[in-house]
Amino acid sequence: MRRGWVLDLGLMPYAEAWRLQQALHAKRQADAIPDTLILVEHPPVITLGKGFHPENLCLSLNEYAERGIEICLTDRGGDVTCHNPGQLVGYPIFDVQAHGRDLHRFLRQIEGALIQSLQTFGIEAGCHPRYTGVWVGDDKIAAIGIRVARWVSMHGFALNVNNDLSLFRLIVPCGIVDKGVTSMAQLLGQHVPMEPVKAAVQVHFGHLFGLDWMPAPDLSLC
């Protein structure tokens, strides 16, 4: 197994985390750092991917602002999604060449790690034949959208743990009109502590990607 870093940022604004992603992405391209998994929660924010369609925003930009919801245009794949506290967001800054040089396989590995993590909590999830992400029946529990440049990935996944799902009613999530969303808390009928979820995600990402985790050094060193 190769060494990997885990960087737990706690609650951080989306734009600040994105700037950090970009810095680490450049360092990973230069092979100055190992594969790094960022774990973070964000204040309410709606992010727009490269496949964004304006009709998938249900309100005007002013109405989102009045509700305290930020809108961020990003360079990840996919359409529109949202983040808020209680949702575990993960950004794998990984060398995809070292993991098979196959983007389809890379996405399936991310899905697989999340599916195995959910099994730890007794939740049987799976893939959808048409859509990326992790699903429980017709409800999405984890969205995935990545970008790969010079074979290094950024952006990643958003796993609904305890977050308020009403935010999803203000968009058409991922542009899919006939499916729902769910969360671990909704499926289990109780609040789910975040730390065990983070631990499970680290275990299964480490297993599927062959990485032995250690905490990332101080951010000032990154």
Write down the atom of [X], the atom of [Y], and the distance for their closest heavy-atom approach.
| X | Y | answer |
| --- | --- | --- |
| Pro85 | Leu11 | CG-CD1, 4.2 Å |
| Pro215 | Trp5 | O-CD1, 4.4 Å |
| Ala17 | Leu9 | CB-CD1, 4.5 Å |
| Cys174 | Lys140 | SG-NZ, 3.2 Å |
| Gly86 | Val161 | O-CB, 3.2 Å |
| Val40 | Tyr91 | CG1-CE1, 3.7 Å |

Taking atom [atom1] of [X] and atom [atom2] of [Y], what is their separation to the nearest 0.5 Å?
| X | Y | atom1 | atom2 | result |
| --- | --- | --- | --- | --- |
| Ile110 | His204 | CD1 | NE2 | 15.5 Å |
| Leu37 | Leu7 | CG | CG | 9.0 Å |
| Met12 | Ile38 | CE | CD1 | 8.5 Å |
| Glu41 | Tyr14 | CD | OH | 15.5 Å |
| Arg169 | Leu59 | CZ | CG | 12.0 Å |
| Thr74 | Trp18 | OG1 | CH2 | 5.5 Å |

Side-chain donor or acceptor of [X] paired with backbone N/O of [Y] under 3.5 Å:
| X | Y | value |
| --- | --- | --- |
| Asp164 | Ser166 | yes |
| Glu111 | Gly133 | yes |
| Gln29 | Ala149 | yes |
| Tyr64 | Val45 | no |
| Glu63 | Ser60 | yes |
| Ser153 | Pro92 | yes |
| His128 | Arg130 | yes |
| His53 | Gly51 | yes |

Test item: side-chain donor near acceptor, Gln87 and His83, under 3.5 Å:
yes
Is it true that [X] and [Y] make a salt bridge, defined as a side-chain N closer than 4.0 Å to a carboxylate O?
| X | Y | answer |
| --- | --- | --- |
| Asp212 | Arg3 | no |
| Lys198 | Glu195 | yes |
| Arg28 | Asp35 | yes |

Side-chain heavy atoms nearer than 4.5 Å, only ILVMFWY residues, links allowed to pass through others: does that put [X] and [Y] together?
| X | Y | answer |
| --- | --- | --- |
| Leu165 | Leu159 | no |
| Leu73 | Ile171 | yes |
| Val89 | Val6 | no |
| Leu57 | Leu170 | yes |
| Ile144 | Val148 | yes |

Note, [X] side chain near [Y] side chain (heavy atom, < 4.5 Å):
| X | Y | value |
| --- | --- | --- |
| Phe121 | Pro196 | yes |
| Lys179 | Asp139 | no |
| Leu88 | Asn160 | no |
| Ile46 | Thr81 | no |
| Asn162 | Ser183 | no |
| Val96 | Val152 | no |
| Asn84 | Pro43 | no |
| Gln97 | Arg101 | yes |

Just do the salt bridge (charged side-chain N to carboxylate O under 4.0 Å, His left out) check on Glu16 and Arg19 with the steps written out, would you?
CA-CA 5 Å; Glu16 185 178 346; Arg19 287 192 294 271; 5.2 Å; no
Relative to each other, are the rings of Phe106 and His99 parallel, tilted or perpendicular (30° and 60° limits)?
tilted
Evaluate the side chain to side chain contact (heavy atoms under 4.5 Å, CB included) criterion for residues Cys127 and Val134: first the C-alpha distance (whole Å), next the side-chain angles of each, then the deciding distance (0.1 Å), finally the verdict.
CA-CA 5 Å; Cys127 300; Val134 177; over 6 Å; no
Co-members of Tyr131 in a cluster of I, L, V, M, F, W and Y side chains, linked at under 4.5 Å:
Trp135, Ile176
Can you list the steps and then say if Val136 with Glu124 is a side chain to side chain contact (heavy atoms under 4.5 Å, CB included)?
CA-CA 7 Å; Val136 179; Glu124 293 299 322; over 6 Å; no
Residue pairs fulfilling salt bridge (Lys or Arg N to Asp or Glu O under 4.0 Å) with at least one residue in residues 66-82, sequence neighbours excluded
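Listed by first then second residue: Asp75-Arg147.
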Can you list every ring-ring contact (aromatic ring centres under 6.0 Å, His included) pair that touches residues 156-198, not counting sequence neighbours?
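Sorted pair list: Phe157-Phe205.
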